[in-house]
There are 2 protein chains.
Amino acid sequence: MNVGRRVDYAVRALSFLAGQPAGKIVSRADIEKCQDIPSFYLSKIMKDLVAGGLVQSHIGSKGGFSLAKLPTSISIKDVYETVERPLVLMDCLERGADYCSYCSVCTQKSIWEEAQKVLAEFLGRISINDIADRQGLKGRLVGSLQKAG
Amino acid sequence: MNVGRRVDYAVRALSFLAGQPAGKIVSRADIEKCQDIPSFYLSKIMKDLVAGGLVQSHIGSKGGFSLAKLPTSISIKDVYETVERPLVLMDCLERGADYCSYCSVCTQKSIWEEAQKVLAEFLGRISINDIADRQGLKGRLVGSLQKAG
DNA sequence: GACAAAGAAGACCTAGAGAGTCTATATTGT
DNA sequence: ACAATATAGACTCTCTAGGTCTTCTTTGTC
């Protein structure tokens, strides 16, 4: 029941992009440097974010990434499900009755189903913009990026 | 962000015990058989439940397990935390700043903190008794146990 | 056109966790 | 004394998360 680093890094990368001036393209290496993400690791995550339509990539020299949607319209739930998997608390809720022979009489199912609904609703209400706002990226980190690059 | 089998089995074992007549002692093997839990696996889980004070063990011939508390006073959150770990969604909320150098400027933290609070509140409100009731253990499964054992 | 700077794609590695199995030992009712 | 039971812990196996690196393709710039 833990959220892994992929999600952590994805949220950081996205909120970092959200803090850039509109249209600005930032390279993987720059994001990694500014957000303390291990070298190269972000490439796999960005691939998912691009495939999921959250981020736009720009190949070639001076290439990089920018947001493909408004930061207000990207929820944490979106991010989680894009870089990880559907938000499901117990495996039997995804996989069928092959997972457990007692599935038909199981009443835990509905508990976990409700729990994950509660969680999904909460995470669906938080946007990348909320996070970018809070950390004041629009000021502080743009500056440090421009100094760095 | 998934709940593993340990919790699944623990909840099943506990709600099974909750469905027994007061004072009845049930062996590990019987619980495993009636709840479709792999042989011997339950012994490790029961050890945690005993250590956590949710279950009382009875060593020796005709020994076994019984609930140590009222089923209404055992929440799913209790079970999770007893057999798994504290209910924490992101590792940096447990471990200190050694986990991530940007901890001090991180604003995801508070998001996950709130999310886990929402989840913990929900799971804290559901009791083992709720689950035992729903599955009608008090009738059906006691009968099948007595046939089986 | 040449070159450098990017992303794309994917191979590779490692540590650890999760799940499951089994055995030796201590305890206790009959 | 014996059988049935929990206790404790060793052991295996597989999968995943996290991380690293290399090769290929695309594209801006000179």
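Bear in mind the structure is a predicted one, so any value in this text is a computation, not a measurement. Numbers restart at 1 for each chain; the letters A, B, ... are given by sequence-line order, proteins then strands.
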Do [X] and [Y] have side chains that get closer than 4.5 Å, going by heavy atoms?
X	Y	answer
A:Arg6	A:Glu84	yes
A:Arg12	A:Tyr9	yes
B:Gln20	B:Ser66	no

Could you check how far [atom1] of [X] sits from [atom2] of [N], rounded to whole Å?
X	N	atom1	atom2	result
A:Lys47	C:dA11	NZ	C1'	11 Å
B:Met46	D:dT5	CE	P	14 Å
A:Ile37	D:dA17	CD1	P	18 Å
A:Phe40	C:dA8	CZ	P	14 Å
A:Tyr41	D:dT20	OH	C1'	11 Å
B:Leu42	D:dA8	CG	P	15 Å
A:Lys33	C:dA6	NZ	P	10 Å
B:Asp8	C:dG18	CG	C1'	14 Å

ask   = Between A:Ser27 and A:Lys44, which has a closest nucleotide on DNA chain C that is more 5'?
value =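 That would be A:Ser27.
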
task = Report yes if a side-chain nitrogen or oxygen of A:Arg85 is closer than 4.0 Å to either non-bridging phosphate oxygen (OP1 or OP2) of D:dT16; otherwise report no.
result =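 So the side-chain polar atoms of A:Arg85 never come under 4.0 Å of the phosphate oxygens OP1 or OP2 of D:dT16.
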
inquiry  = Looking at A:Tyr9, I'd like to know whether one of its side-chain N or O atoms comes within less than 4.0 Å of OP1 or OP2 on D:dG19.
reply    =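 So the side chain of A:Tyr9 is within the cut-off, an N or O lying under 4.0 Å from OP1 or OP2 of D:dG19.
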
key: Flag, side chain of A:Asp130 to backbone of A:Ser127, donor-acceptor distance under 3.5 Å   =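 A pair under 3.5 Å: yes.
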
key: Donor-acceptor contact present, side-chain A:Asp78 to main-chain A:Ser75, <3.5 Å   =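 It does hold such a pair.
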
Side chain of [X], heavy atoms from C-beta onward: which of [options] has the nearest atom to it?
X	options	result
A:Phe65	C:dG20, C:dA8, C:dC22	C:dA8
A:Pro38	D:dA6, D:dT20, C:dG20	D:dT20
A:Arg6	C:dT21, C:dG20, D:dG18	D:dG18

inquiry  = Would you say B:Gln108 and B:Trp112 are linked by a side-chain donor-acceptor pair, where the criterion is simply a distance under 3.5 Å?
reply    =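 Yes - a donor-acceptor pair under 3.5 Å links their side chains.
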
ask   = Is there a residue in residues 57-64 of chain B whose heavy atoms reach under 4.0 Å of DNA chain C, and which residues are they?
value =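 B:Ile59, B:Gly60, B:Ser61, in order of number.
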
key: Geometric cation-pi criterion A:Arg28 and A:Tyr41, 6.0 Å radius, 45° cone   =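 Output no; distance or angle outside limits.
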
